Amino acid sequence: QVQLVESGGGSVQAGGSLRLSCAASGYTYSRNCMAWFRQAPGKEREGVATIYTTAGRTYYVDSVSGRFTISQDNAKTTVYLQMNSLKPEDTAMYYCAATGPRQSWLPCVPGTDFPYWGQGTQVTVSS
């Protein structure tokens with residue numbers, strides 16, 4: 001059974017930092033597209049960052065580029081989202097998502113079909 005478990009959310013002041021973790025289990029952690037999404041109340045879900053696990057190829061939405069970094073620890077099958085210079089508009093529930101193994105030539109972007117999702121971790125940034 002595939003499980004994605006997020007952790008690391010919390011409340012910080014603007015300008016602060018948080019690191020989110022997504023621990024994956026129950027499936028083959030290889031050639032996957034992993035992603036972080038977020039959803040604020042009353043807003044649509046937004047893809048924040050993606051990583052193709054084998055090549056380490058990453059993607060960021062413009063609003064977080066230069067502030068957020070997605071990375072992975074293959075030995076622990078964990079994906080991280082380091083969030084620096086946080087802004088109140090970053091406040092949202094953050095979700096981890098994953099695909100199964102896929103060909104490297106396929107795009108790994110927020111529009112990818114992600115069959116596996118975590119339960120989410122709340123991030124609140126106060127001004």
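What you are looking at is a predicted structure, and each value in this text was computed from that prediction instead of being measured. In what follows, residues are counted from 1 in the order of the sequence shown.
For the pair Ser85 (side chain) and Arg67 (backbone), a donor-acceptor distance under 3.5 Å is absent. A donor-acceptor pair under 3.5 Å is absent between the side-chain atoms of Arg57 and the main chain of Pro107, judged by distance alone. In this structure a side-chain-to-backbone donor-acceptor pair under 3.5 Å is missing from Gln82 to Thr69. Under the 3.5 Å distance criterion, the side-chain polar atoms of Glu6 are matched with a main-chain donor or acceptor of Gln119. In this structure, Ser127 contributes its side chain and Pro88 its backbone to no donor-acceptor pair below 3.5 Å.
For Val2, the side-chain contact (heavy atoms from CB on, under 4.5 Å) partners are Tyr27, Tyr116, not counting sequence neighbours. For Tyr52, there are no ring pair (Phe, Tyr, Trp, His ring centres under 6.0 Å) partners, not counting sequence neighbours. Annotation: side-chain hydrogen bond (donor to acceptor under 3.5 Å, both in side chains) contacts of Tyr60 (sequence neighbours excluded): none. Partners of Gln122 by side-chain contact (heavy atoms from CB on, under 4.5 Å), not counting sequence neighbours, listed by chain and number: Thr91, Met93, Thr124.
Residues Thr112 and Arg102 are in side-chain contact: their nearest non-hydrogen atoms beyond the backbone lie under 4.5 Å apart. Here the side chains of Ser30 and Thr54 are in contact, with some heavy-atom distance below 4.5 Å.
Note: Ile70 CD1 to Thr58 OG1 = 7.5 Å, rounded to the nearest 0.5 Å. Atom CG in Leu81 sits 12.0 Å away from atom CE in Met34 (nearest 0.5 Å). Rounded to the nearest 0.5 angstrom, Thr99 OG1 and Asp113 CG are separated by 9.0 Å.
Nearest heavy atoms, Ala35 versus Thr50: CB-CG2, 3.7 Å. Across all their heavy atoms, Ala40 and Ala92 have their closest contact at N-CB, 3.8 Å. Val109 and Cys33 get closest at one heavy-atom pair: N-SG, 4.3 Å.
The aromatic rings of Tyr95 and Trp117 sit perpendicular to each other, their planes meeting at more than 60°, with 30° as the lower class boundary. Under the 30°/60° scheme for interplanar angles, the aromatic rings of Phe68 and Tyr94 are found to be tilted.
Paired with Cys96 under the rule side chain to side chain contact (heavy atoms under 4.5 Å, CB included), one option of Phe114, Trp36, Phe37 passes, and it is Trp36.
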Could you give the side-chain donor-acceptor pairs of residues 14-26 under 3.5 Å, partners two or more places apart or in another chain?
unit_1 : atom_1 : unit_2 : atom_2 : d
Ser17  : OG     : Asn84  : OD1    : 2.9

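Contacts classified as salt bridge (Lys or Arg N to Asp or Glu O under 4.0 Å) and involving residues 22-39 (residues at least two apart or in different chains) are given here: Arg38-Glu46, Arg38-Asp90.
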